[in-house]
Amino acid sequence: MSEDIWILGIHMTKFGKHPDKDTLDLASEAVMGALADGGVTMKDIGVMGAGNLMGGAGGIGQQLQKQVGQTGIPVYNVANACATGATALRVAAMAVKAGEVDCGLAVGVEKLAGAGLLAGGSRADNSKNWTPQGRQGAVAALDGRVGTDTMPGVFAQIGMEYGHRYGGTSFELFARISEKNHSHSTLNPLASYQKKMSLKEIMGDVMIAYPNTRPMCSANCDGAAAAVVVSDSKLKKLSAEQRRRAVKISASILTTDPWEDACQVLPNVNTLTRNAARQAYEQASVGPEDLDLVELHDCFATAELVHYDNLMLCEEGGAVDFFNSGAPWRDGKTPVNVSGGLESKGHPISATGIANIWEVCTHLRGEGGARQIEGAKVGLAHVIGLGNACGVHILEKAA
Amino acid sequence: MADQIPLVDYLVLGDNPHLVARECEQCGSRYFGRRNACAGCFGTEFKTVRIPDEGTLETFTIVAQAAPGIPVPFVSGVIDVDGTAVRANVVNVEPNPDKVTMGMKLRLTTFPIGVDEAGVEAISFGYEPVG
Ligand SMILES: [Zn+2]
């Protein structure tokens, strides 16, 4: 058995609009914040996983080192859609777990404020001569002609499919999930939006892809998050205060889609999440009933519903009943997205898979302030990157 | 008719336009488009199979905001055609959640989407309500 690994330091920037900060400013703030939080410097770091999707120029990790500290360590620049942050963390976790280094760093950053619909781009004019192109021999753009490529549309279909299979869903039900997250974020000073929204406001807002209206979609924003991971033997040599605040990574899992019918027609976000959850619970030796809080990938209100089921927070097919019971509200049985989630806290893509871990760690450390989930000891953080990749981490308070 | 071209190569035109899939000889998994191997069993032999024209709506959304140049609203869906999932637009129906219903019976239909400089007409497909 390899030894335990721990989050020693972690930091998340304010999510929202940062017109005066560029990608490197935000990433530097997250990295220096995480190092300071853990009481270490770049000199202690043996490996770095870094993610940024929209910045354009490659090598975010090296660019970042040039700002915060060049020590010659290996950098792994990773990309896994919305699971990029979790993937960067997996790099650090794997290296520490493997014993190659005793201390690793992971960072994810995105400048996304003001970005419109993601994916799809704009439709090119019809060509002057129809020419079959690509793997399906398409003579024209397929988005909008053969279904939709937009994320709100894809995830709307995923939620509607769940409703078709198990019943009980409606436009209003999905809107109520969003109402919960917009209510939760009122207690989170780092959230993009901290404004409560009524069910009427949510349902009456601009329709993006039925049943998802604008506030039911993840909020594009700027932000970064970073984490320092250490081995158990390194942690033992650190101060009592560092050991007290360290958070145990009881499970760190990344999965992709196993082949099944239709998975190449409409993305199936269920099977790989279920597989990741099952592996994570087994690795951590905890069950869903042990979780004091969950941060899951509510990129759309329709997505949150299916993940109650995929993460086994309820019985199979029971996501609607689970929500209607009040369980995922912050005073419920299994609080979900007390940060406000992607719909209200915001979704700076590459930062998300570390920011959700920061949220869980903050509660486990008892540093959640007004939104603290009292007595939180175990939490789960989940992300999905379309394509697909799924990251699940289970975190536990130091004994 | 000679001067027509299908939007995608898995749409076969002619008197009875229909879709075709690539089916793995080894495990029967079906795909649309060119394949390198089977994602399920790693086999490399495929045959072309005809997809029936009628199916049922398994899920949908009504896209109200799309990339510039794409007419909205439109209905995007996944149709179960005798066990094979097909991604398509649902057409000839009002894009309204009261009019589009889960499990509704649908049928393949084709229609032109434009003519190029050589006079060739491109033909697209969608699924429309039956009856
Ligand atoms: Zn096969």
Side-chain angles (χ1 to χ4, degrees), chain A residues 116-117 119-132 134-150 152-165 170-171 206-214 217 257-266 302, chain B residues 5-11 27 29-36 38-41 57-78 80 83-90 95-97 100 102-103 113-118 120-126:
Chain A
L117 277 178
S122 64
R123 178 185 281 185
D125 289 337
N126 285 343
S127 63
K128 290 182 168 36
N129 285 290
W130 302 118
T131 311
R135 304 192 71 91
Q136 300 187 324
V139 301
L142 299 184
D143 183 23
R145 287 193 174 104
V146 181
T148 182
D149 286 344
T150 65
V154 168
F155 278 95
Q157 292 174 92
I158 286 166
M160 295 284 278
E161 182 184 45
Y162 188 89
H164 181 43
R165 186 172 306 148
S170 62
F171 177 24
V206 179
M207 183 58 75
I208 306 294
Y210 180 86
N212 290 321
T213 64
R214 191 169 47 192
C217 300
D257 298 329
W259 160 258
E260 59 192 312
D261 275 338
C263 77
Q264 295 190 17
V265 173
L266 178 70
T302 45
Chain B
I5 189 168
L7 173 64
V8 287
D9 61 13
Y10 60 88
L11 170 62
C27 76
S29 293
R30 287 180 171 185
Y31 304 91
F32 293 101
R34 185 157 60 84
R35 296 301 305 176
N36 296 80
C38 175
C41 76
L57 186 61
E58 290 303 299
T59 188
F60 73 93
T61 181
I62 301 166
V63 178
Q65 306 262 321
I70 296 177
V72 286
F74 69 91
V75 182
S76 164
V78 176
D80 174 44
T84 302
V86 179
R87 170 182 154 159
N89 285 7
V90 181
N96 176 325
V100 185
M102 291 295 186
I113 57 165
V115 177
D116 70 7
E117 285 184 348
V120 177
E121 189 175 55
I123 305 294
S124 184
F125 71 96

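A, B, ... follow the sequence lines: proteins, then strands. Residue 1 opens every chain.
The nearest pair of heavy atoms linking B/Ala39 to A/Trp259 is O-CB, 3.5 Å. For A/Trp130 against B/Asp116, the heavy-atom pair with the smallest separation is N-OD2, 2.9 Å. Nearest heavy-atom pair across B/Val86 and A/Val265 is C-CG1, 3.9 Å. Summarising the geometry of B/Thr61 relative to A/Ala156, their closest heavy-atom pair is OG1-CB, 3.3 Å, with the distance given to 0.1 Å. Residues B/Ala118 and A/Asn129 approach most closely at CB-OD1, 3.7 Å, considering heavy atoms.
Between A/Thr148 atom OG1 and B/Arg87 atom CZ the span is 7.0 Å, to the nearest 0.5 Å. Interatomic distance, A/Thr150 OG1 to B/Ile70 CD1, rounded to the nearest 0.5 Å: 8.5 Å. How far CZ of A/Arg145 is from CG of B/Leu7: 6.5 Å, rounded to the nearest 0.5 Å.
Counting heavy atoms from C-beta outward, B/Thr59 and A/Tyr162 have side chains that stay 4.5 Å or more apart. At least one side-chain heavy atom of B/Glu58 sits under 4.5 Å from a side-chain heavy atom of A/His164.
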Requested in this report: Could you please spell out the steps behind the side-chain contact (heavy atoms from CB on, under 4.5 Å) verdict for A/Glu161 and B/Val78?
Outcome: CA-CA 9 Å; A/Glu161 182 184 45; B/Val78 176; 6.0 Å; no
Requested in this report: Take B/Tyr10 and A/Val146 through the side-chain contact (heavy atoms from CB on, under 4.5 Å) test and state the conclusion after the steps.
Outcome: CA-CA 12 Å; B/Tyr10 60 88; A/Val146 181; 3.8 Å; yes
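Interface residue B/Leu57: only backbone heavy atoms are found under 4.5 Å from chain A. Heavy atoms closer than 4.5 Å to chain B are found in the side chain of A/Val206, but not in its backbone. Of the two parts of B/Phe60, the backbone and the side chain both hold a non-hydrogen atom closer than 4.5 Å to a non-hydrogen atom of chain A. Heavy atoms closer than 4.5 Å to chain A are found in both the backbone and the side chain of B/Arg35. In this structure, chain A has a heavy atom under 4.5 Å from the side chain of B/Tyr31, while its backbone stays farther away. With a 4.5 Å cut-off on non-hydrogen atoms, A/Gln264 touches chain B through its side chain but not through its backbone. With a 4.5 Å cut-off on non-hydrogen atoms, B/Asn96 does not touch chain A at all. The part of B/Pro6 that comes within reach of chain A is its backbone (N, CA, C, O), which places non-hydrogen atoms under 4.5 angstrom from that chain.
Each of A/Gly153, A/Ala262, A/Pro258 has some count of heavy-atom pairs under 4.5 Å with chain B, and the biggest count is that of A/Gly153. Counting heavy-atom pairs closer than 4.5 Å to chain A, the top residue among B/Ile62, B/Val72, B/Val90 is B/Ile62.
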